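What follows is a set of notes on a single structure, which appears directly below.
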There are 2 protein chains.
Amino acid sequence: MKKKITLKLIAKELNVSISTVSKSLKNSKEISEETREKVQAFAKFYNYKPNNIALSLKNKKTKTIGVIIPEIVHYFFSKVIFGIEHIANQRGYNVIIGLSNESFSKEVLNMEMLANGSIDGFILSISKETLEKRDFHHFNETIAQGMPIVMFDRVEDSIKCDKVIVDDLLGSKKAVEKLINSGCNHIAIVTTKDFVNVGALRTKGYILALEENKKALNDSLILKVEDSELIDDNLTQLEQDIEHMLISNPEIDGVFAVNEIYALTVMKVARKLKKRIPEDLQVIGFSDGVLSQNAVPTLTSVSQHAQKIGERAAELLINRLELEDYEEEEMELERYETEVIETELIERESTK
Amino acid sequence: MKKKITLKLIAKELNVSISTVSKSLKNSKEISEETREKVQAFAKFYNYKPNNIALSLKNKKTKTIGVIIPEIVHYFFSKVIFGIEHIANQRGYNVIIGLSNESFSKEVLNMEMLANGSIDGFILSISKETLEKRDFHHFNETIAQGMPIVMFDRVEDSIKCDKVIVDDLLGSKKAVEKLINSGCNHIAIVTTKDFVNVGALRTKGYILALEENKKALNDSLILKVEDSELIDDNLTQLEQDIEHMLISNPEIDGVFAVNEIYALTVMKVARKLKKRIPEDLQVIGFSDGVLSQNAVPTLTSVSQHAQKIGERAAELLINRLELEDYEEEEMELERYETEVIETELIERESTK
DNA sequence: TTGTAAGCGTTATCAC
DNA sequence: GTGATAACGCTTACAA
């Protein structure tokens, strides 16, 4: 096993000092051309690469971004990571992933594990449990220690950091308006409990669209799904709830669902109830992923441009990291940006 | 901004030496109880955490695993990562992700970026381009430098490392046999070009099943798909090829597809051709993900247990890393394991 | 019981 | 031109 080659080793081998080697490799003209060439040739031959860890320690910069997400087996999040990786790599950064699995304590643990020098900054989306507890001390402490955070999608307004979100409210409003314009008169929504802020916003968009279009609001057409129903592919409870809603309110002719799974489940139940899509029932989902594209019928949905979200989050973070190199603490009070990525309604077969 | 607290800082504050602080925090009884308590109280109060980078440099261990995968927006790979993360976290390791995007040069670049001290070992699945070029020097060099690799799914036999694979051949053989037992007489396969080893193995399993069951082999029932056809949700070329095969061979009553997308596309085309599934045509896919579970009709498929693959890969790597601490170089010639994760046929609606 | 010093691999400052 | 030295934050013989 070839030992990993270091400056020290090269120095010994060539009978020069470590600093001479270091300078030669940086092509410093303090060093004679002869020595430089000798050193460079040797280094190239043995494929010398400076040790990242030593550099990190010296520079107090790891060139690594920590990403904490609630779930990775999920089209939206993995696409966001794809976007983050794309920009990070391009700008010379690595990406380290931590999964919270929607758990508060895993989120805290993961952040502590990474915050001790392993990374330069965080990109994250808040876990459901954290949102429900509303305990954000770990974010504030991280920021207080001078480590910047960029939040995306599931963000918390009170935290001082950059944020990348989609126009959840407007996106769902447009979706519901599309249903209205396609002739739906009794539109239901399948959404999350309100502590998930994006769910709450999408519900708000639904209500707003109905109000503005003078459609009656009916509480029995608003289904707020218990989170556990989604766990472990166990969709039966969800199916029952949807079936119950569809049967007790046979006038429903349009459903807006705040994510893909809810939307597909609606279609599944509708099929069981012999409702034709889109003739009898039109369906729109939120978050345009493989499931929407491959559903039967294909699902009209609100695209969040997940990749773009990741790219912008990475850009915001890296910009801030590299800004810090120049500007100093005086900037403490600087502004944080909240960037809104526009959603887009992708029309497919599940609507008229 | 609170500066990050270090041993040095505590030492100065408490008027003791750095080593006293270090020892106190480790509860060494070299140090008087009084001093220990004082230091520990102070450290706890200011929430001292040792700097990972410094530890890494000192210990020549980063407690970080590098994972290089061809694609992240993909149920199989993200589920593998989930498994890796699960074990890694449990054993105190972080996970750093690099995406090759199926490109040889990105794979090499990513590995070089991480191999210089950032990680202790790799878990990876080979990119298609690398498989096609058959240029594996970067793997061999990494291993020669003493950095262990564990390969999964898309592996290369000639590389000296641990591997985790599924029984691709047996899995597809069983799938095809299931079709035979369900009454299919003319079974087609939609597979990849042969350089993708898992694709080739699955093709082999198909052929074997037919031979053993005395079914005629017919080249026009073997569709080897050009890779580029999958790019960018643009499946039209794939659809055309499948449609052509189904039309020119109307006797086909069963199709085995080596991944989810191929399988769904088969079902889509079949629907277009007014073939009922499973009455007229039975379909089985490989790789059981959300798409199979949510397809209409739901898709019978061969589950690879992606999470388990990730978990075993992580265990093999970490075991080797921690073994190295004790055993020394004499073990150079030690054996590498190839672990086979059994596949499982999940029967759903697309077969009888 | 406490402190000094070397070392992990680099870079930068300052002497020679 | 070249090299010694200190520093990044930590651990650990070894000295005091």
Side-chain angles (χ1 to χ4, degrees), chain A residues 3-40 42-43 46-64 115-120 145-147 325, chain B residues 2-40 42-43 46-64 114-120 145-147 325:
Chain A
K3 273 251 141 315
K4 194 83 189 124
I5 194 151
T6 65
L7 291 187
K8 195 192 208 173
L9 232 145
I10 301 182
K12 196 169 74 183
E13 216 58 39
L14 260 42
N15 279 311
V16 290
S17 77
I18 295 180
S19 30
T20 302
V21 176
S22 174
K23 286 171 187 163
S24 299
L25 291 176
K26 304 208 108 74
N27 236 319
S28 156
K29 30 196 149 131
E30 274 182 52
I31 307 295
S32 73
E33 195 157 335
E34 194 193 336
T35 312
R36 260 187 287 162
E37 280 174 3
K38 188 175 62 179
V39 172
Q40 288 176 10
F42 189 94
Y46 285 102
N47 193 26
Y48 167 79
K49 293 274 168 49
N51 179 306
N52 281 334
I53 295 291
L55 286 178
S56 297
L57 185 59
K58 181 119 249 285
N59 303 331
K60 304 184 135 229
K61 289 220 147 45
T62 60
K63 290 276 197 174
T64 301
N116 302 304
S118 304
I119 61 161
D120 296 338
Q145 298 202 341
M147 178 161 298
D325 295 352
Chain B
K2 292 191 290 199
K3 274 251 140 319
K4 194 83 191 127
I5 194 152
T6 66
L7 290 187
K8 196 194 210 174
L9 231 147
I10 301 182
K12 198 168 72 183
E13 217 57 40
L14 261 42
N15 279 311
V16 291
S17 77
I18 295 180
S19 48
T20 303
V21 176
S22 174
K23 287 171 187 161
S24 299
L25 291 176
K26 304 206 108 76
N27 236 319
S28 155
K29 29 196 151 136
E30 275 183 50
I31 307 294
S32 73
E33 195 159 335
E34 196 193 334
T35 312
R36 261 187 284 162
E37 280 174 3
K38 190 175 60 178
V39 172
Q40 288 177 8
F42 189 94
Y46 286 102
N47 194 26
Y48 168 80
K49 295 274 168 49
N51 179 306
N52 281 335
I53 296 291
L55 286 179
S56 298
L57 185 58
K58 179 113 251 277
N59 303 332
K60 305 185 135 231
K61 289 220 147 49
T62 60
K63 289 278 197 172
T64 302
L114 295 180
N116 302 304
S118 303
I119 61 161
D120 296 337
Q145 298 203 341
M147 178 161 300
D325 296 351

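Per chain, numbering begins at 1; letters A, B, ... match sequence-line order. All of these numbers come straight from a predicted model, not from anything done at the bench.
In this structure, the nucleotide among dT10(C), dG1(D), dT11(D) sitting nearest to the side chain of Ser32(A) is dG1(D). Set against dA4(D), dG9(D), dG3(C), the side chain of Ala54(B) has dG9(D) as its closest nucleotide. Nearest to the side chain of Ser19(B), among dG7(C), dT11(C), dT12(D), sits dT12(D). Among the nucleotides dC10(D), dG3(C), dT12(D), the one closest to any side-chain atom of Ser22(B) is dT12(D). The nucleotide whose nearest atom lies closest to any side-chain atom of Glu30(B) is, among dT11(C), dC14(D), dT4(C), dC14(D). When distances are taken from the side chain of Thr35(B) to each of dT1(C), dT11(C), dA13(D), the shortest belongs to dT1(C).
Residue Thr20(B) has no polar side-chain atom (N or O) positioned under 4.0 Å from OP1 or OP2 of dT2(C). Listed pair Thr6(A) / dC8(C) fails the phosphate criterion, with no side-chain N or O lying under 4.0 Å from OP1 or OP2. Between Lys8(A) and dC8(C), a side-chain N or O to OP1/OP2 separation shorter than 4.0 Å is present. Neither OP1 nor OP2 of dG9(D) sits under 4.0 Å from any side-chain N or O of Tyr48(B). Checking the phosphate oxygens (OP1, OP2) of dT11(D), a side-chain nitrogen or oxygen of Lys26(B) falls inside 4.0 Å.
Atom CG of Asn52(B) is separated from atom P of dC10(D) by 10 Å (rounded to the nearest Å). When rounded to the nearest whole Å, the span between NZ of Lys61(B) and P of dC10(D) equals 19 Å. Protein atom CD of Glu33(A) is 13 Å distant from nucleotide atom C1' of dG1(D), rounded to whole Å. Atom CZ in Arg36(A) sits about 17 Å away from atom C1' in dG3(D), given to the nearest Å. Distance CG (Leu14(A)) to P (dG1(D)): 18 Å, rounded to an integer number of Å. Rounded to whole angstrom, the span from the CG atom of Asn59(A) across to the C1' atom of dT11(C) amounts to 8 Å. For the pair Lys58(A) NZ and dG9(D) P, the interatomic distance rounds to 10 Å; values are reported in whole Å. The NZ-C1' distance, from Lys23(A) to dT11(C), rounds to 10 Å in whole Å.
Lys60(B) comes within 4.0 angstrom of sugar-phosphate atoms only, judged by non-hydrogen atoms across all strands, and of no base. Across all strands, Ile31(B) comes closer than 4.0 Å to base atoms (heavy-atom distances). Residue contacts for Ile18(B): at a heavy-atom cut-off of 4.0 Å it reaches a base atom on one of the strands shown. Nucleic acid contact class of Ser56(B) (heavy atoms, under 4.0 Å, all strands): none.
Asn59(B) places no side-chain N or O within donor-acceptor distance of the main-chain N or O of Lys61(B), the cut-off being under 3.5 Å. The backbone N or O of Ile18(B) sits nowhere less than 3.5 Å from a side-chain atom of Ser22(B) that would complete a donor-acceptor pair.
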| Check against side chain to side chain contact (heavy atoms under 4.5 Å, CB included), Thr35(B) and Thr20(B) | CA-CA 8 Å; Thr35(B) 312; Thr20(B) 303; 3.9 Å; yes
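In the displayed structure, Lys12(A) atom NZ is contacted under 6.0 Å by at most 12 heavy atoms of other residues, nucleotides or ligands.
To the nearest 0.5 Å, atoms NZ (Lys60(B)) and CG (Asp120(B)) are separated by 11.5 Å.
A 4.5 Å side-chain heavy-atom check between Leu14(A) and Val39(A) finds at least one atom pair inside the cut-off.
With DNA chain C read from its 5' end, the first of the two nearest nucleotides for Leu57(B) and Asn15(B) is the one closest to Asn15(B).
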